[in-house]
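Treat the numbers as computed from the prediction; the structure is a model and nothing was measured. Convention: sequence-line order gives letters A, B, ...; per-chain numbering from 1.
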2 protein chains.
Amino acid sequence: MLTQKVTAKDVAKLAGVSQSSVSRVYFEGASVSQKTREKVLEAAKELGYRPNEFARSLITNRTKIIGLVMKGVQNPFYPEVLKQFTSEFKKIGYSILFVHTNNDEIQKDDIDILLNYHVAAVIITDATLSLNAMEEFKDNKIPVVLFNRKIEKSSFYSVCCNNLNASEAIGEFLIAEGCSTLAYIAGNANTSTSIEREKGFTTILKKHHIQLEKYSSDYTYKGGYDIANEIIAKKHLPDGFFVANDIMALGVLDALRENNISIPFDTKVVGFDNIEMAAWPTYNLTTWEQPIDKMIAETMAYLIKEIEHYTGFAKNIEIDGKLIVRKTT
Amino acid sequence: MLTQKVTAKDVAKLAGVSQSSVSRVYFEGASVSQKTREKVLEAAKELGYRPNEFARSLITNRTKIIGLVMKGVQNPFYPEVLKQFTSEFKKIGYSILFVHTNNDEIQKDDIDILLNYHVAAVIITDATLSLNAMEEFKDNKIPVVLFNRKIEKSSFYSVCCNNLNASEAIGEFLIAEGCSTLAYIAGNANTSTSIEREKGFTTILKKHHIQLEKYSSDYTYKGGYDIANEIIAKKHLPDGFFVANDIMALGVLDALRENNISIPFDTKVVGFDNIEMAAWPTYNLTTWEQPIDKMIAETMAYLIKEIEHYTGFAKNIEIDGKLIVRKTT
DNA sequence: CTGAAAGCGCTTACAG
DNA sequence: CTGAAAGCGCTTACAG
């Protein structure tokens, strides 16, 4: 094993062809005769040749890197999404540059990373982007998708579960189950998911002349646990809870249980996401399943098309999920 | 906003200096006068200049990318590790290329990704590497650390919690708590963590003339849940369980609870990792806290030194964690 | 299909 | 400290 400094030139010499031919073998779409291809491949194998990605990117001005920005790694929903995007993109030769943000809106330093590496595309899983930042990506012809978050502006492409339909269905379901007082426990106030889930739920309650009790929380287990304890302390328990995501719902469930409140008899709980833990026997949480596979497929289809030929086309895509009934209702 | 194609040459022209001077301003360590630096910076700002990372890497043959390989995204321990590495490396200008593997030993396709991108270093969080693959990294002078996994070969640098001490302490603790029959629930059989935890635990049991009941599982919630159900079915319950990681321990706890086995009275359970969920009131799991912060700091210190000046120096680093006593003992 | 040559945007000796 | 020039390892017109 030589100290790995084999270039196309070396391969060319050994194969007895020009450096351009070597390049063509590794560049899909270029035309090379079967014979040269074989010679090159053989020589390359012997020398341990590996095309230099940077030289490549320098010329083509494009990379095989997807920037994936994530905030909430504590919510198991997102690591799962990360894993699936990574495997799916790997199949078509793309790698993932992982960016972690602490803010709901991505900041300049993270945007710079994405721009410096000329990523082929960016996926933002649970954060948003300022209009200015979006402009920068547009200028660089880098397609962006907001995954599980949306912005009511025509300049963003987003892929979400259909939150409105979902929360309406959840409302109807809880009412059909006999609830006549209902509470909504919201996630972070400025997130599109929490807002839409509240909206759909409210619509249905209004239709049935039920007033919504609304509580604010933050999409974390502890947030759900704490707010449930506050509600319990008030000695006034609604017939049912719609909790904006599963991880909060687990906190709610634990708080209720600690206070010997029997579920689904004393009150009912519905979550959102269908994370793995929702199915654990301790929780057995009724929840709304996000169609992750379809959401990922949709995201990738768009991105691949845009990488091929950038248009900047924007749209809010919403995909239907489904209710998973377990033992908390 | 122009269509972002500003090069050092453009900046040079506007600033009235040579392209080399522009380059020097952005290359730390190069000497430039205060005056040219200012002129360049001003021109760069006006044009929105951004040094091209690829051109850079092409020459220096090094990148600011760290390859991070991860297997078990389902175990919350690892997403947390990913997040912390990402934030810490970001502070010193490095980004994370995320690689997901399905295998306990990293395969060729993933290694190729790391090599193709000439990552500055690689971290493998819960998988291992063949000796051959390690050689490839060595040839390319890419430092590698095994995080939370180790191999008894002198060629790997690894950073782990001190699993032997930990499991001995857990053994002593359970015995002091009055257990006279004890079981160990192992994780994936070929992992260093599971092997060492068993070893330390066994040592202590032997010392106290207690025979180990050993059960095999796979480091997942379901694995823990299933094996616990099997044990319960045998109508023979040990006084205490040491479960090789927390996520399995949660499964064990749920199975015991479903069978109305009262903890810590009928039996006791100790986990390992101290993941966030271990502290949830439903579980309140006694466990061993892995010193993540220290493990990460140690990993980074080594990697930074090796990136600066590669030696290939290898060692198994073990850092002490501590017992967190909660309500399952 | 193939080769010679230009050039992507930088860094880095080499002079001055 | 600074500029002119070579060169990193590729892709891609341009001829043939």
Side-chain angles (χ1 to χ4, degrees), chain A residues 2-41 43-44 47-65 93 115-118 120 140-141 308, chain B residues 2-41 43-44 47-65 93 112 115-118 120 140-141:
Chain A
L2 326 159
T3 167
Q4 193 78 18
K5 254 301 199 190
V6 185
T7 73
K9 216 169 158 184
D10 302 323
V11 177
K13 195 178 287 174
L14 181 61
V17 300
S18 74
Q19 186 265 132
S20 327
S21 290
V22 175
S23 176
R24 289 193 184 99
V25 170
Y26 288 90
F27 185 76
E28 56 180 319
S31 44
V32 216
S33 69
Q34 190 58 29
K35 202 190 281 176
T36 31
R37 178 180 301 273
E38 279 164 15
K39 282 193 291 186
V40 166
L41 254 24
L47 297 175
Y49 172 65
R50 185 185 296 288
N52 185 315
E53 285 293 333
F54 299 110
R56 237 174 200 182
S57 297
L58 180 57
I59 297 184
T60 60
N61 204 27
R62 45 164 65 198
T63 62
K64 291 279 209 172
I65 302 177
L115 256 19
N116 284 345
Y117 282 105
H118 284 280
N140 287 280
K141 303 195 174 182
E308 198 66 38
Chain B
L2 326 160
T3 167
Q4 194 80 16
K5 255 302 196 186
V6 186
T7 73
K9 216 169 158 184
D10 302 322
V11 177
K13 195 178 285 174
L14 182 61
V17 299
S18 74
Q19 185 263 132
S20 327
S21 290
V22 175
S23 176
R24 289 192 183 99
V25 169
Y26 289 89
F27 185 76
E28 55 181 318
S31 44
V32 217
S33 70
Q34 189 58 30
K35 203 189 282 178
T36 31
R37 178 182 301 272
E38 279 164 15
K39 281 193 291 186
V40 167
L41 255 22
L47 298 175
Y49 172 66
R50 185 184 298 286
N52 185 315
E53 285 295 332
F54 299 110
R56 238 175 199 181
S57 297
L58 181 57
I59 297 183
T60 60
N61 204 26
R62 46 165 64 199
T63 61
K64 292 278 209 173
I65 301 176
D112 281 345
L115 256 19
N116 284 345
Y117 282 107
H118 284 281
N140 287 279
K141 304 197 173 179

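Under the 30°/60° scheme for interplanar angles, the aromatic rings of A:Phe54 and B:Tyr117 are found to stand perpendicular.
Counting heavy-atom neighbours within 6.0 Å of A:Lys64 NZ, excluding the residue itself, gives a total above 12.
Using a 4.0 Å cut-off, no side-chain N or O of A:Thr60 falls inside it from OP1 or OP2 of D:dT11. Contact between the side-chain N/O atoms of B:Ser57 and the OP1/OP2 oxygens of C:dC10 is not found at any separation under 4.0 Å. Side-chain N/O atoms of A:Arg56 include none lying less than 4.0 angstrom from OP1 or OP2 on D:dC10. For A:Ser18 and C:dG3, the shortest distance from a side-chain N or O to OP1 or OP2 is below 4.0 Å. Distances shown here put a side-chain N or O of A:Thr36 below 4.0 Å from the OP1 or OP2 atom of C:dT2.
Between the C1' atom of D:dG9 and the CG atom of A:Asn61 lies a distance of 16 Å, rounded to the nearest Å. Atom OH of A:Tyr26 and atom P of D:dT12 are 17 Å apart (whole Å). With rounding to whole Å, B:Leu47 atom CG is found 14 Å from C:dG9 atom P. When rounded to the nearest whole Å, the span between CG of B:Leu58 and P of C:dG7 equals 17 Å. Rounded to an integer number of Å, the gap from CG of A:Asn52 to C1' of D:dG7 is 14 Å. A:Ile59 places its CD1 atom 7 Å from the P atom of D:dT12, with the value rounded to the nearest Å. Whole-Å rounding puts the A:Gln19 CD to D:dG9 C1' distance at 7 Å. Taking atom CZ of A:Phe54 as the reference point, atom C1' of D:dT11 lies 17 Å away to the nearest angstrom.
Note on B:Ser33: only backbone sugar-phosphate atoms sit closer than 4.0 angstrom, heavy atoms only; bases stay farther off. In this structure, A:Val17 reaches the sugar-phosphate backbone alone: every heavy-atom distance under 4.0 Å involves primed, P, OP1 or OP2 atoms, never a base. Within the nucleic acid shown, B:Ser23 comes within 4.0 Å of at least one base atom, counting heavy atoms only. Heavy atoms of B:Ser31 sit under 4.0 angstrom from at least one base atom. Counting non-hydrogen atoms under 4.0 angstrom, A:Ser20 reaches a base of the nucleic acid.
Considering CD1 of A:Ile65 and CD of A:Glu53, their distance stands at 8.0 Å, rounded to 0.5 Å.
Distances were taken from every side-chain heavy atom of A:Val32 (C-beta onward) to each of D:dA4, C:dC10, C:dT2; the shortest belongs to C:dT2.
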Would you write the dot-bracket representation of DNA chain C, where each base gets (, ), [, ], | or . depending on whether it forms a Watson-Crick or G-U pair under 3.5 Å and with which partner?
|||.||||||||.|||

